[in-house]
Amino acid sequence: NAGVTQTPKFQVLKTGQSMTLQCAQDMNHNSMYWYRQDPGMGLRLIYYSASEGTTDKGEVPNGYNVSRLNKREFSLRLESAAPSQTSVYFCASKGPATYGYTFGSGTRLTVV
Amino acid sequence: DQQVKQNSPSLSVQEGRISILNCDYTNSMFDYFLWYKKYPAEGPTFLISISSIKDKNEDGRFTVFLNKSAKHLSLHIVPSQPGDSAVYFCAASQNDYKLSFGAGTTVTVRA
């Protein structure tokens, strides 16, 4: 099925470890986004990429880096994980002609 | 500073009755508003939207109302069905650029 694919679905990290969350979309969308969802906070934008080759900070970028590898793929990296980064992470993409995003199913990350 | 606020964390409604979800925003530059629905262990899915030039948009059982002067929008679900039990997020954007989300309202439809 066409859409946004995120890997892994679950991950447990120790404080200080690093990891990369992968995201790929097959809808030929230009824009891609990384959000985190925390209880009582809704979804908050971490980083986004308006088009291939560009990335920009969102609302909560500290502790994260991103790479827009090509038009399909947008990865999120935690260089040194902290317990405050325990969250559910969603990747999304959006085409030029439509409002509204298509979201992946999420990555549940726990940092202990 | 949250620009989109959903002040009711939860809503319980009987099957067949109306569900009304509310959302307030502070940024007067928002020009498009959306509602997303989310089931556990899934990503949010688009439900319905409204442009700032309209005050109502209807899609089947779902209607969104926008009151720009009050910076308020609401989602009406009539009639509510058990499959509507989910978390509903209100979102807004300016110039089709980056969505800002509210904290969400968990709807439970009782049989």
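All values derive from a computational prediction rather than experimental measurement. In what follows, chains are A, B, ... by sequence order, proteins preceding strands, each numbered from 1.
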Task: Exceeds 12 heavy-atom contacts within 6.0 angstrom, atom CE of A:Met27 - done: yes
Open item on the list: Is B:Gln6 in contact with chain A via its backbone, its side chain, both, or neither, using a 4.5 Å heavy-atom distance?
Closed with: neither
- [ ] Heavy atoms only: give me the nearest B:Ala103-A:Gly40 pair and the separation to one decimal.
- [x] CB-O, 3.5 Å
TODO: Give the cluster check for B:Leu73 versus B:Ile77: same hydrophobic cluster or not, with ILVMFWY residues linked at side-chain heavy-atom distances below 4.5 Å.
DONE: yes
- [ ] Could you tell me the separation between the NZ atom of B:Lys98 and the OG atom of A:Ser31, rounded to the nearest 0.5 Å?
- [x] 12.0 Å
Open item on the list: Only pairs of heavy atoms separated by less than 4.5 Å count here; which of A:Gln37, A:Gln6, A:Glu59, A:Arg44 has the most with chain B?
Closed with: A:Gln37
TODO: Determine, using the 4.5 Å side-chain heavy-atom cutoff (strictly less than), whether B:Phe101 and B:Leu34 are members of one ILVMFWY cluster.
DONE: yes
TODO: Find out whether B:Tyr36 and A:Tyr101 are in side-chain contact, i.e. whether some heavy atom of one side chain is under 4.5 Å from a heavy atom of the other.
DONE: yes
Open item on the list: Need one label for B:Ala41: side chain, backbone, both or neither, based on atoms under 4.5 Å from any heavy atom in chain A.
Closed with: backbone
- [ ] Decide if atom NZ of A:Lys71 counts as having more than 12 heavy atoms of other residues, nucleotides or ligands within a radius under 6.0 Å.
- [x] yes
Open item on the list: Quick one, A:Leu43 and B:Phe89 - any side-chain contact, counting heavy atoms below 4.5 Å?
Closed with: yes
Open item on the list: Take a 6.0 Å sphere around CZ of A:Arg77 and say whether it holds more than 12 heavy atoms from other residues, nucleotides or ligands.
Closed with: yes
TODO: Look at the side-chain heavy atoms of Ile, Leu, Val, Met, Phe, Trp and Tyr, link any pair under 4.5 Å apart, and say whether A:Leu78 and A:Val60 land in one connected group.
DONE: yes
Task: Heavy-atom proximity to chain A below 4.5 Å, by part of B:Pro44 - done: both
- [ ] Look up atom CZ in A:Phe103 and atom CD in B:Glu42, then write down how far apart they are to the nearest 0.5 Å.
- [x] 13.5 Å
Open item on the list: Looking at A:Met41, I'd like to know if its CE atom is crowded, meaning that more than 12 non-hydrogen atoms belonging to other residues, nucleotides or ligands lie closer than 6.0 Å.
Closed with: no
